[in-house]
Amino acid sequence: QPQMHDGGLWHFGEEERRHLLLATGAFTLALGLMRVGGIFGLETMGSSMWLFTLILSLPVMLIAVGPAFILHEIGHKIVAKFYGCWAEFRSDPRGLKMGVGISAILGIVFMAPGAVMVAGTVTRRQNGHIAIAGPLVNLSLFFIGIPIGGLILVLMGTSAPSTAGYLVEDGFNLQSMVWDAISFWVGANLILGLFNMLPFGPLDGLKVKDWNEGVWLGLLLIFVIVIGWIVLIVWA
């Protein structure tokens with residue numbers, strides 16, 4: 001029988017905080033390496049520009065993608081604890097190392113940073129609620145990011161992505177950094193939500209479908225339709 005922690009739903013154990021920081025740091029590094037095209041970006045950017053762009057990309061990616069990952073997992077945790085389960089996040093060291101390595105070599109992010117471990121007895125319906133909490137958090141963050149991101153871009157006078165990098169002759173290209181933060185916020189939440197709704201393996205979609213196929217299909221279609229709508233806009 002797992003030992004329940006004292007405190008409310010938002011209690012985080014010391015071990016859990018360590019794992020969250022480790023996973024978030026590795027995930028952010030992988031995203032930064034993706035932004036500079038991995039190690040092969042050295043050839044096109046030069047070592048100095050590559051290094052400075054990587055350093056500047058880390059806070060941008062942390063702000064843009066960090067909440068999509070962290071709050072997704074916390075969504076699972078809160079609902080699981082609400083139903084009386086023990087729930088804590090645990091990182092996957094092998095998945096983190098592999099993800100950073102793939103990003104460094106190929107310039108793409110493919111990582112399994114970890115998951116919320118849940119122990120306790122729940123019904124099929126409650127298990128579905130725990131699983132769907134993460135994708136619903138991502139969908140909510142997407143809808144929050146659209147108006148707030150649009151307002152920030154309007155106030156900054158930015159109407160299109162900058163072709164320049166983060167470093168220009170005058171110093172930092174703040175508009176390019178803000179544009180990336182907003183676009184990655186929107187894209188990361190949609191992609192993470194859609195990926196987790198796939199009904200395979202340990203993904204959330206399998207548990208949601210096992211609880212209610214109609215709810216699973218409805219949320220999956222929402223992600224597909226929204227992503228398709230954005231792709232059509234970008235294509236146009």
Colleague: Between side-chain atoms of residues 220-231 and protein atoms elsewhere (two or more places apart, or another chain), which donor-acceptor pairs fall under 3.5 Å?
Modeller:
none

Colleague: Sort and list the pairs that fulfil salt bridge (charged side-chain N to carboxylate O under 4.0 Å, His left out) and have at least one residue in residues 113-128, not counting sequence neighbours.
Modeller: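 Found Arg124-Asp210.
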Colleague: Show every salt bridge (charged side-chain N to carboxylate O under 4.0 Å, His left out) that has at least one partner inside residues 98-118, sequence neighbours left out.
Modeller: none
Colleague: Going from CG on Leu56 to CZ on Phe52, what distance comes out if it is rounded to the nearest 0.5 angstrom?
Modeller: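 Going from the CG atom of Leu56 to the CZ atom of Phe52 covers 8.5 Å.
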Colleague: Tell me, please, which residues at least two apart from Asn212 pass side-chain hydrogen bond (donor to acceptor under 3.5 Å, both in side chains).
Modeller: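 Result, side-chain hydrogen bond (donor to acceptor under 3.5 Å, both in side chains) vs Asn212: none returned.
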Colleague: Does one hydrophobic cluster hold both Leu31 and Met98, with members joined at side-chain heavy-atom distances below 4.5 Å?
Modeller: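 Cluster IDs for Leu31 and Met98 differ.
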Colleague: May I have the list of side-chain donor-acceptor pairs in residues 187-208 shorter than 3.5 Å, sequence neighbours left out?
Modeller:
from	atom 1	to	atom 2	distance (Å)
Asn189	OD1	Asn138	ND2	3.0
Asn189	ND2	Trp185	O	2.8
Asn196	ND2	Leu192	O	2.9
Asp204	OD1	His76	NE2	3.4
Asp204	OD2	His72	NE2	3.3
Asp204	OD2	His76	NE2	3.2
Lys207	NZ	Pro202	O	3.0

Colleague: Side chains of residues 101-122: which donor-acceptor pairs under 3.5 Å do they make with residues two or more places apart or in other chains?
Modeller:
from	atom 1	to	atom 2	distance (Å)
Ser103	OG	Ala30	O	2.4
Ser103	OG	Met34	N	3.3

Colleague: Check ring pair (Phe, Tyr, Trp, His ring centres under 6.0 Å) between Phe89 and all other residues, then give those that pass, not counting sequence neighbours.
Modeller: Phe69
Colleague: Can Leu153 and Gln175 be said to form a side-chain contact (heavy atoms from CB on, under 4.5 Å), step by step?
Modeller: CA-CA 8 Å; Leu153 292 177; Gln175 287 190 334; over 6 Å; no
Colleague: Measuring from atom CG of Leu42 to atom CE of Met45, what distance do you get when rounded to the nearest 0.5 angstrom?
Modeller: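 Here the interatomic distance stands at 8.5 Å.
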Colleague: State, yes or no, whether a side-chain contact exists between Leu58 and Leu62 at a heavy-atom distance under 4.5 Å.
Modeller: no
Colleague: Verify the cluster assignment for Leu21 and Phe12: are they in a single hydrophobic cluster under the rule of side-chain heavy atoms below 4.5 Å apart?
Modeller: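 No; tracing contacts between hydrophobic side chains, which count when under 4.5 Å, never links both residues.
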Colleague: What pairs of donor and acceptor atoms, side-chain ones from residues 126-137 against any protein atom, are under 3.5 angstrom apart with sequence neighbours left out?
Modeller:
from	atom 1	to	atom 2	distance (Å)
Gln126	OE1	Thr123	N	3.0
His129	ND1	Tyr83	OH	2.7

Colleague: Answer with yes or no whether the hydrophobic clustering places Val154 together with Ile144; edges join I, L, V, M, F, W, Y residues whose side-chain heavy atoms lie under 4.5 Å apart.
Modeller: no
Colleague: Strictly by salt bridge (charged side-chain N to carboxylate O under 4.0 Å, His left out), give each pair with a member in residues 174-201 just once, sequence neighbours left out.
Modeller: Arg35-Asp180
Colleague: So if you build clusters from Ile, Leu, Val, Met, Phe, Trp, Tyr with side-chain heavy-atom gaps below 4.5 Å, do Leu51 and Val60 land together?
Modeller: yes
Colleague: In Å and rounded to the nearest 0.5 Å, what is the CE to CG distance from Met61 to Leu29?
Modeller: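 That separation rounds to 12.0 Å.
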Colleague: Starting from Val36, can I reach Ile39 by hopping between I/L/V/M/F/W/Y residues whose side chains sit under 4.5 Å apart?
Modeller: no
Colleague: Tell me the closest heavy-atom pair linking Leu96 and Ala26, and the distance in Å.
Modeller: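 Reported closest heavy-atom pair: CD2-CB, 3.9 Å.
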Colleague: Apart from Leu151 itself, what residues make up its hydrophobic cluster, given side-chain heavy atom links below 4.5 Å?
Modeller: Leu155
Colleague: How long is the span from the CG atom in Asp92 to the NZ atom in Lys97, to the nearest 0.5 Å?
Modeller: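 Answer rounded to 0.5 Å: 10.0 Å.
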Colleague: With sequence neighbours left out, which residue pairs that include part of residues 12-32 fulfil the side-chain hydrogen bond (donor to acceptor under 3.5 Å, both in side chains) condition?
Modeller: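 Output for this query lists Glu15-Arg18, Glu15-His19, Glu16-Lys77, His19-Ser91.
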Colleague: Can you measure from CE (Met49) to OG1 (Thr44) and round to the nearest 0.5 angstrom?
Modeller: 11.0 Å
Colleague: Could you work out, with ring pair (Phe, Tyr, Trp, His ring centres under 6.0 Å) as the rule, every residue matching Trp50, not counting sequence neighbours?
Modeller: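 Here no residue qualifies.
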Colleague: With rounding to the nearest 0.5 Å, note down the distance linking CZ in Phe27 to CD1 in Ile70.
Modeller: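 Phe27 CZ to Ile70 CD1: 10.0 Å, rounded to 0.5 Å.
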